[in-house]
Amino acid sequence: MQIYTLKVVEIRKEAKDVITVCFKQPGLKKVTYLPGQYLTLVFRINGRRYIRPYSFSSAPKVDEYLEVTVKRVPRGIVSNHINDRLKIDDLVEVMHPMGDFIFNNDHTTENKHIVLWGAGSGITPLMSIAKFVLHKQTGHKITLVYGNRHVDDVIFSAQIQDLEKTFSTQLQVWNFYTRLVVDNKDPDHIQGRIDPHKVLTILRSVTDLQNSIHYICGPRGLKESVKQALYSFEISEEQIFAEDFELIKDPAEFEDITTRHVKINIGEVAAQVEVVKGKSILEAGLDAFLELPYACQTGHCTVCKASILHGQVKMIGLVKKHTDMKDNECLTCCAYPLSDDVQLTI
Ligand SMILES: Cc1cc2nc3c(=O)[nH]c(=O)nc-3n(C[C@H](O)[C@H](O)[C@H](O)COP(=O)(O)OP(=O)(O)OC[C@H]3O[C@@H](n4cnc5c(N)ncnc54)[C@H](O)[C@@H]3O)c2cc1C
């Protein structure tokens, strides 16, 4: 795994409890990335290693710095550390960029209509894609549908307004507010959630729908509303990309899971950890201070892949199919023991 050490050169406040951290490119081996990918940051906090992915909010070939935008999560260890403690000139270890929530030139030949659906901090990868497409891929149209509670919560408010002015014929923005009484005079500002009914209304205004590509990043409800409406217009799966910041777990899937012990071999070291019901094998290992490999924690990147030597595990919340994974392999971030004799090797 390629690890880079990046220097913080600027920190910008974007909205309440949201900052953008700007990293300088390394002098020699540059970090290359695609719009929509994420950077995985590694921190050591109170003696324990924490790894968290953050989507690039910068766009390659447009922005000078590598930028991530971090929203504080209540009681969240790393998001609060970044918001409260990170400072200019600090050095941060990062993994090479990953992720397939990307704008791909090869799939996007001529004059596509790119519809970006986001809420809250879900705007970050969408911003990267929007800036890249508008600045570097003229010809495509962009519609941004962006939900927030209030105007004060809007991340990149000024940047979005600048883009609207500069690319007035290419970019249209619909702002949704759940906690703001919206003045009806402004048709692009809508009160309420981005619900299935409103999604349908927006889609009816997209004249070139069959030629559209959709990127969704936000809470589960947003993804479901948008997908449901897109399917009703017979938009195919290939035209829809979605990114989750959190692993979605269905409680019903845990009915056959109980607290069990799991043996983990990491190179020469063997450890036994208690995996309390509800925790993944990765979470249990990290709580036991094992330095296990991981990155996205949502079952996408496969950095936490392990071989199953004994026993049975159940994968929960895995939305992506990994055709390259063998039958005796699992992703520890989504793996839960189903038998008492589980032994994994990493
Ligand atoms: C591919 C990917 C890209 C991401 N990009 C961004 C980004 O651009 N900006 C950004 O701010 N975050 C982003 N995240 C989320 C980020 O990686 C962390 O999960 C988040 O900052 C919380 O970490 P923490 O250590 O503060 O919280 P933790 O200490 O890990 O968790 C504390 C509590 O908060 C809950 N929680 C964890 N994550 C979230 C969340 N995202 N929202 C609400 N509750 C949560 C947990 O269930 C837990 O109960 C991304 C995640 C993924 C998988």
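First listed ligand is number 1; within each ligand, the first listed atom is number 1.
Contacts of Arg72 with ligand 1, taken as heavy-atom pairs under 4.0 Å, are absent altogether. By the criterion of a heavy-atom distance under 4.0 Å, the side chain of Glu246, and not its backbone, is placed next to ligand 1. With a heavy-atom cut-off of 4.0 Å, Ile77 touches ligand 1 through backbone and side chain alike. Counting heavy atoms closer than 4.0 Å to ligand 1, residue Tyr38 contributes side-chain atoms (C-beta onward) but none from N, CA, C or O. Counting heavy atoms under 4.0 Å from ligand 1, residue Val73 touches it through the side chain alone.
Screening Tyr146, Phe176, Tyr177, Trp174 against His189 for a ring-ring contact (aromatic ring centres under 6.0 Å, His included) leaves a single residue, Tyr177.
Judged by the shortest distance from any of its heavy atoms, Cys296 lies inside the 4.0 Å radius around the atoms of ligand 1. Ligand 1 has at least one atom lying under 4.0 Å from a heavy atom of Asp244. Residue Val68 places every heavy atom at 4.0 Å or more from ligand 1.
Looking only at heavy atoms of the protein, atom 2 (C) of ligand 1 is closest to Phe245 CD1, 3.8 Å.
If you check the side chains of Tyr33 and Ser58, you find a donor sitting under 3.5 Å from an acceptor. Counted by atom type alone, Glu67 and Thr20 present zero donor-acceptor pairs between their side chains at under 3.5 Å.
Within ligand 1, the atoms closer than 4.0 Å to a non-hydrogen atom of Val70 are 11 (O), numbered from 1 in the order shown.
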